[in-house]
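Some notes on the structure that comes next.
By convention here, the first residue in the shown sequence is residue 1. Both ligands and their constituent atoms are indexed starting at 1 by order of listing.
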Amino acid sequence: MTLRTRFAPSPTGFLHVGGARTALFCYLEARHSGGTFVLRIEDTDRERSTEASVQAILDGMQWLGLDWDEGPIYQTQRFDRYAEVIEEMLADGRAYHCYCSRERLDKLREDAMAAGLKPRYDGHCRDLKEAPEGIAPVVRFRNPDEGEVSFDDRVRGTISISNAELDDLVIARPDGTPTYNFTVVVDDMDMNISDVIRGDDHINNTPRQINIYRALGAEPPRFAHVPMILGDDGARLSKRHGAVGVMQYRDDGYLPEALLNYLVRLGWSHGDQEVFSLAEMVELFRIDDVNRKASAFNTSKLDWLNEHYMKSLPPERVAQELAWHFKDQGINAAEGPALEDLVAVQADRVSTLKQMAEQSRVFYQPLEQFDADAAKKHLRPVAQAPLQALAERLDGLEDWQPEALDGAIRSLAEEMELGMGKIAQPLRVALTGTAVSPSIDKTLWLVGKEQSLQRIGMALAFIAERIAENPA
Ligand code: GLU
């Protein structure tokens with residue numbers, strides 16, 4: 001039998017970090033063995049499910065590159081199938097109608113609590129001879145009374161629970177709509193899912209689901225329940241921690257490669273290796289190696305990985321992601337150097353692509369003015385002669401490449417018997433308006449010949465004005 005996994009999000013919000021990690025684990029487990037990865041949208045809760053959220057999940061998966069082989073399959077398109085199975089179960093008593101009122105159920109619960117027992121439906125309607133009039137019943141699954149349910153969780157080990165602790169689960173609401181624990185079993189059965197990998201918040205549902213599989217004559221899949229992700233304060237990761245949708249990480253300037261690498265290490269390791277390409281993850285990842293302890297989110301590690309990938313991925317790849325940030329920040333990438341050239345220069349100077357775009361505006365837009373402090377400090381009368389000479393030399397330079405540019409500045413500095421800084425700093429302010437930029441040859445290269453000469457002219461005009469205002 002080939003391995004089949006599925007990611008089954010409920011579309012009630014964005015694809016959050018925990019969901020993305022589950023999706024990644026399902027994806028890796030399938031890819032590793034040449035199996036199939038299914039995407040199923042669990043949208044039966046019509047009040048909480050939204051179109052926008054479905055889209056956010058698909059966008060997040062696509063951005064991360066977690067491509068699925070089958071789906072998206074929508075549960076709302078399978079209502080006929082669920083109804084059919086419920087009918088079959090009702091017909092032979094594997095399920096039954098329950099007419100118990102809210103009051104009766106509340107009373108049962110209160111009595112159990114008062115007696116210090118676990119609240120549990122008492123099976124009152126199991127063998128009802130006559131259906132009461134005028135009440136829309138729920139459908140309950142007739143859970144076995146005896147024995148125990150046991151399964152070998154691939155992360156948590158063997159888990160057993162006595163059937164005496166499980167009651168008859170509601171599998172359809174009074175309006176006929178099926179409930180989660182039922183639809184998930186019918187789907188995993190129909191879709192031949194061999195391995196269910198999901199968050200351990202579902203672990204208490206699993207024995208109940210296994211009983212339903214058995215009632216349907218199906219062999220349950222293998223299960224792996226992955227531990228939750230904690231915030232840096234040890235509490236379950238939530239919005240409060242800034243734990244947000246995957247796309248927020250895109251917006252904040254992270255590469256999908258960095259986020260995936262970060263996510264795979266939340267609960268899984270391979271020796272002390274920290275950096276994994278997706279191909280390596282596919283090769284090395286085994287769900288059985290996932291740690292059962294919860295892991296904590298650590299933003300500085302994510303930043304470190306992002307810096308690593310910005311520097312080490314091919315610049316053309318980083319440029320693809322950077323292009324989004326240019327659009328987002330309203331910078332026209334066509335108005336300046338090729339993005340891959342920019343990436344080659346800026347990759348080790350910033351932590352995120354968002355910062356890279358912010359700090360590169362000057363290569364794509366006209367320079368409006370010089371920063372007042374930087375200009376005051378560096379665009380002084382002494383800089384006039386070197387900038388003037390440099391402008392002439394650069395004007396005659398054919399080869400506008402970092403090496404030639406560096407040579408031109410160096411030889412000029414030597415001829416004028418000036419330290420490099422005496423030329424480079426005024427030039428830097430002239431080109432970028434500020435005293436901070438990549439190395440001066442790279443800065444010239446990125447600004448381009450025409451703009452460089454124009455900006456040096458602007459700096460010379462600034463100095464001339466300054467001399468005119470304060471004649472020596
Ligand atoms: N739809 C469920 C959720 O979003 C997951 C169900 C499952 O993986 O079995 O939590």
Side-chain angles (χ1 to χ4, degrees), residues 3-30 35-61 66 68 70-79 82 141 149 151 153-156 159 169 171 173 177-213 216 218 220-229 236-239 243 245-246 263 267 287 290 294:
L3 196 142
R4 290 171 62 86
T5 63
R6 82 322 189 256
F7 176 51
S10 304
T12 54
F14 36 51
L15 177 62
H16 55 85
V17 172
R21 185 189 56 165
T22 302
L24 173 62
F25 286 0
C26 295
Y27 169 92
L28 294 176
E29 190 67 10
T36 303
F37 175 47
V38 180
L39 176 62
R40 183 169 77 226
I41 303 292
E42 304 211 317
D43 54 350
T44 52
D45 184 343
R46 283 169 151 158
E47 268 166 30
R48 295 179 60 224
S49 301
T50 65
E51 254 322 296
S53 158
V54 171
Q55 199 51 52
I57 291 166
L58 300 182
D59 289 347
M61 303 264 300
L66 299 178
W68 53 91
E70 290 176 20
I73 299 164
Y74 294 86
Q75 287 192 322
T76 44
Q77 290 176 6
R78 290 178 43 80
F79 277 134
Y82 306 133
F141 168 63
V149 194
F151 65 101
D153 191 279
R154 297 176 67 190
V155 174
R156 303 279 292 254
I159 295 176
L169 195 73
I171 58 174
R173 303 181 186 90
T177 56
T179 60
Y180 159 71
N181 277 300
F182 175 73
T183 56
V184 85
V185 170
V186 174
D187 285 351
D188 287 338
M189 178 180 80
D190 286 355
M191 295 166 201
N192 285 316
I193 299 302
S194 65
D195 287 82
V196 167
I197 299 170
R198 60 185 171 199
D200 66 4
D201 48 333
H202 285 291
I203 205 157
N204 292 334
N205 292 322
T206 305
R208 298 173 174 284
Q209 292 176 9
I210 289 175
N211 281 335
I212 300 176
Y213 279 104
L216 296 176
R222 296 190 292 181
F223 292 93
H225 288 92
V226 300
M228 59 183 160
I229 302 174
R236 192 196 174 102
L237 193 66
S238 69
K239 278 185 219 154
V246 158
L263 292 175
I287 192 70
V290 168

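- Qualifying side chain to side chain donor-acceptor pair (under 3.5 Å) partners for Arg48, counting only residues two or more places apart in sequence or in other chains: none.
- For Asn211, the side chain to side chain donor-acceptor pair (under 3.5 Å) partners at least two apart in sequence or on another chain are Asn143, Asn163.
- With Phe25 as the fixed residue, the side chain to side chain contact (heavy atoms under 4.5 Å, CB included) test singles out one of Thr5, Asp195, Leu263, Val226: Val226.
- The side chain to side chain donor-acceptor pair (under 3.5 Å) check on Tyr82 picks up Asp187, with sequence neighbours excluded.
- For the residue pair Gln75 / Asp43, no side-chain donor-acceptor distance below 3.5 Å is found, with atom types taken as modelled.
- Under 4.0 Å from any atom of ligand 1, one finds heavy atoms of residues Arg6, Ala8, Pro9, Ser10, Glu42, Tyr180, Val184, Arg198, His202.
- Between Arg4 and Glu70 there is a salt bridge, with a side-chain nitrogen of the basic residue lying less than 4.0 Å from a carboxylate oxygen of the acidic one.
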